[in-house]
Amino acid sequence: MANSTYDTQTEMQDKAVLVSLITDEVKRSGINTDYSLNELVKLAETAGVEVLSVLTQNKEVKDSRWFIGKGKVEELRAAAEELGANTAIFDQELSGAQVRNLEESLDLKIIDRTQLILDIFAQRAKTREGIIQVELAQLSYLLPRLSGHGKNLSRLGGGIGTRGPGESKLETDRRHIRDRISDLKRQLEEVTRHRYLHRERRQKSGIVQVALVGYTNAGKSTLLKQLTAADVYIENQLFATLDPTSRTMELPSGKEIILTDTVGFIQNLPHDLVASFRATLEEANEAHLILHVVDASSDMRDEQMKVVETILQQLGAADKPQIVLFNKKDACTPEQLEMLPSGEGYLKISSFDESDLLRLRELIQEHLSGDTLRFRIPAERGDLTSVLYRIGDVLLTEYDGNDVIYEVEVQRGEYEKYGHALKDFTEGYI
C-alpha cells in the first residue's frame, strides 16, 4: 500500500473500513459501483490510510439520519471494533448531520469521498496557487458541515480530513471561516490575474500551447517527462500531479511549443475543487491543441474517457482540437489493442517507445500547421504585424515599394480566431 508523509501532529495512522451505499438513484445514474469502490480503496491508500475492510449495502434510498441503514451502522461498529479501525470512509458525500450522527454512534472519525479527495490535494499542493485553491475548496466544503465535524477535528490529532487549513481554523466560528474564504478568493483572483497576464504575453509572442489532459494516473506526467526531459514527480498513485507543469518541447521542424501537464480528472470530482481549480484547469481551455491521454490497459477505459470529456465540456474546452492518445499500449493484451479506435485523431503509444514519441511529435506538428499564406501589408499598417505573428510562423519578409510581403505558415486554430483582421490583405496560398 502507498505510504504517505504524515504531519508531525499525527499520533496514529488512519485505519479504515470503507463503506458504499448502492441506492436506486445510484443504479439509475449508471455509475459502476464496483469500480467506484475500488477507486476509493486507491484514494485511501494514496492518502496514507490502511484499508482494513469494505462494507456495501443495497437500499432503495439513503437514510436521512445515518445515510446507511441502522442495522448496517451496527454491523460497521462491530467490524471496526473487531479490526481495530479508527476511521470510516464513505464512497458518497455525507451531510453534516449524518457525519455527526455516525460519529456519535460509532466513535470513529467519519470521512466521505469528497473530503478524502480534498485531503489528497492538501498533501500534494506545493505552489502558492495550489495551496490557496485547496484551502478554499476545503473551507467551502466544510462551512455548511461544521456542526458535523467538530469531533473529527479534535479527537484523533490529525490524519485525513484535518490537513490543509488545519484544526484551529476549522474550529473557529462560521463568520471567521467566511472571512477566510473571502480573503482566499481575493488572493486567488490576484494569482489568477498574474496567470492571465502571463498567458496573454505568451499568446502575443506567438508561443503555441499544448495541454495534456486525462484521467488521474493515465500517464500524463511520464509522457511530459519523455517528451521534454522535465524533472517532474512520477508515481503510480492517483493525483501524483497537482500543480500544472509547463515545459518547452521541440517539434521535428525545430519549432518550440509549450507542453503543459494538468491535474488528473476523476469521477465525482468535488464541485468545490473544480470551482477552486478553474483557473488552473483553464490551461486546457487556452491551449491550441489538447492531448487526451488515456490508460488503454484500464478495464474502465471508456468510462474514464467520458469523465474527461464531461469535465472538458464544463470548462468550455470540448470543441478544442484534440488528439486521443491511447497510452500504456505495452501493458495491453492483443485483444485490448484490437478494440481501440483508430484513424485520424487517435494514436496508440507507449511513453517509453521512441518511435511512438517521434510519431506523436509529427502528429502534433501536422495538427498545428496549416497552409502557407502570402500577405501584402501596407507599411502604415504596422498594427497588423502582431496579428501575423499570432496566427503562425512568419517564414519570409520582403519589401515591395510601400508594402511589406509576408509568407506565413498559419496555425489553424489561431488563424480561425484572428485571421479575419487580415482578410483584405491576403494574396493567397503558396
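Keep in mind that what you see is a predicted model, and the values were worked out from it rather than measured.
At least one donor-acceptor pair closer than 3.5 Å links the side chain of His288 to the backbone N or O of Gln209. With hydrogens and angles disregarded, a donor-acceptor distance shorter than 3.5 Å links the side chain of Gln92 to the backbone of Leu21. Under the 3.5 Å distance criterion, the side-chain polar atoms of Thr228 are left unmatched by any main-chain donor or acceptor of Met249. Judged by distance alone, with hydrogens and angles left aside, the side-chain atoms of Ser29 form a donor-acceptor pair with the main-chain N or O of Val26 at under 3.5 Å. Judged by distance alone, the side chain of Asn86 and the main-chain N or O of Gln13 form a donor-acceptor pair under 3.5 Å. The backbone N or O of Asn32 lies less than 3.5 Å from no partner atom in the side chain of Ser36, so there is not a single donor-acceptor pair. Within the 3.5 Å criterion, the main-chain N or O of Trp66 finds no donor-acceptor partner in the side chain of Asn101.
Around the CD atom of Glu256, the shell of radius 6.0 Å holds more than 12 heavy atoms that belong to other residues, nucleotides or ligands. Crowding of Lys70 atom NZ: a count of heavy atoms from other residues, nucleotides or ligands under 6.0 Å exceeding 12. Within a 6.0 Å sphere centred on CD of Glu362, heavy atoms belonging to other residues, nucleotides or ligands number more than 12. Within a 6.0 Å sphere centred on NZ of Lys59, other residues, nucleotides and ligands contribute more than 12 heavy atoms. The 12-atom threshold is exceeded at CG of Asp383, counting heavy atoms of other residues, nucleotides or ligands nearer than 6.0 Å.
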The test is side chain to side chain contact (heavy atoms under 4.5 Å, CB included); show your working for Val19 and Lys72 and say whether it passes. CA-CA 10 Å; Val19 184; Lys72 205 60 159 181; 5.7 Å; no
Verify side chain to side chain contact (heavy atoms under 4.5 Å, CB included) between Leu83 and Lys15, making sure each step is shown before the conclusion. CA-CA 9 Å; Leu83 297 168; Lys15 298 183 177 184; over 6 Å; no
Given Arg193 and Glu190, is the salt bridge (Lys or Arg N to Asp or Glu O under 4.0 Å) satisfied, shown in steps? CA-CA 5 Å; Arg193 190 176 69 81; Glu190 182 62 21; 3.0 Å; yes
Using the rule given for salt bridge (Lys or Arg N to Asp or Glu O under 4.0 Å), can you reason through Arg359 versus Asp356, listing the C-alpha separation, both sets of side-chain angles and the distance that settles it, and then say yes or no? CA-CA 5 Å; Arg359 178 66 191 119; Asp356 286 349; over 6 Å; no
Evaluation steps, side chain to side chain contact (heavy atoms under 4.5 Å, CB included), between Leu143 and Ile177: CA-CA 7 Å; Leu143 182 60; Ile177 289 184; 3.8 Å; yes
Kindly determine whether Leu289 and Ile323 satisfy side chain to side chain contact (heavy atoms under 4.5 Å, CB included), including the steps that lead there. CA-CA 8 Å; Leu289 174 68; Ile323 302 173; 4.0 Å; yes
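Residues Glu135 and Arg180 form a side-chain contact, since some pair of their non-hydrogen atoms from C-beta on lies under 4.5 Å apart. In this structure the side chain of Val17 reaches within 4.5 angstrom of the side chain of Leu55, judged on heavy atoms. Using a 4.5 Å heavy-atom cutoff, the side chains of Ile110 and Leu108 are in contact. Considering only heavy atoms from C-beta on, Gln304 stays 4.5 Å or farther from Asp299 through its side chain. Using a 4.5 Å heavy-atom cutoff, the side chains of Gln98 and Asp112 are not in contact. The shortest distance between side-chain heavy atoms of Ile111 and Thr87 falls below 4.5 Å. Counting heavy atoms from C-beta on, the side chains of Asp330 and Asp353 never come closer than 4.5 Å. Counting heavy atoms from C-beta on, the side chains of Ile258 and Arg247 never come closer than 4.5 Å.
With sequence neighbours left out, Ala317 forms a side chain to side chain contact (heavy atoms under 4.5 Å, CB included) with Asn285, Ile290, Leu312, Lys320. Val410 is linked by a side chain to side chain contact (heavy atoms under 4.5 Å, CB included) to Leu373, Ile391, Val408, Tyr415, counting only residues two or more places apart in sequence or in another chain. Applying the salt bridge (Lys or Arg N to Asp or Glu O under 4.0 Å) test to Asp179 and every residue at least two apart in sequence or in another chain returns Arg175. The side chain to side chain contact (heavy atoms under 4.5 Å, CB included) test applied to Glu409 returns Ser369, Thr372, Asp393, Leu395, not counting sequence neighbours.
The aromatic rings of Tyr346 and Phe326 lie parallel to each other, with less than 30° between the two planes, well short of the 60° mark.
Under 3.5 Å, the side chains of Asn327 and Ser351 contain a donor-acceptor pair of N or O atoms. Neither side chain, Asp119 nor Gln115, offers a donor N or O lying under 3.5 Å from an acceptor on the other.
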Just distance, no hydrogens or angles: give the donor-acceptor pairs under 3.5 Å from side chains in residues 336-343, sequence neighbours left out.
unit_1 : atom_1 : unit_2 : atom_2 : d
Gln336 : OE1    : Thr333 : N      : 2.9
Gln336 : NE2    : Ser297 : O      : 3.2

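Rounding to the nearest 0.5 angstrom, the gap separating the CG atom in Leu363 from the CD atom in Gln365 is 10.5 Å. Here the CD1-CG distance, from Ile89 to Asp14, works out to 7.0 Å after rounding to the nearest 0.5 Å. In this structure, CG in Leu223 is found 7.0 Å from CG in Leu259, a value given to the nearest 0.5 Å. In this structure, CD in Glu103 is found 11.0 Å from CG in Leu94, a value given to the nearest 0.5 Å. Distance CZ/Arg186 to CD1/Ile132: 12.0 Å, rounded to 0.5 Å. With rounding to the nearest 0.5 Å, the separation of CD1 in Ile349 from NZ in Lys328 is 11.0 Å.
Between Tyr215 and Val308, the closest heavy-atom pair is N-CG2, 3.4 Å. For the pair Leu37 and Ser20, the tightest heavy-atom approach, listed with the atom from each and the gap, is CD1-CB, 3.8 Å. Nearest approach of Leu118 to Ala137, heavy atoms of both residues: CD2-CB, 3.7 Å. Nearest heavy-atom pair, Asn217 versus Asp295, reported as atom, atom and distance to 0.1 Å: O-OD2, 4.4 Å. Here the shortest heavy-atom pairing between Leu388 and Leu422 reads CD2-CD1, 3.9 Å. Minimum interatomic distance between Lys62 and Thr23 (heavy atoms only, all atoms of both residues): N-CG2, 3.7 Å.
Residue pairs meeting the salt bridge (Lys or Arg N to Asp or Glu O under 4.0 Å) criterion with at least one member in residues 76-99, sequence neighbours excluded, are Glu74-Arg77, Asp91-Arg113, Glu93-Arg145.
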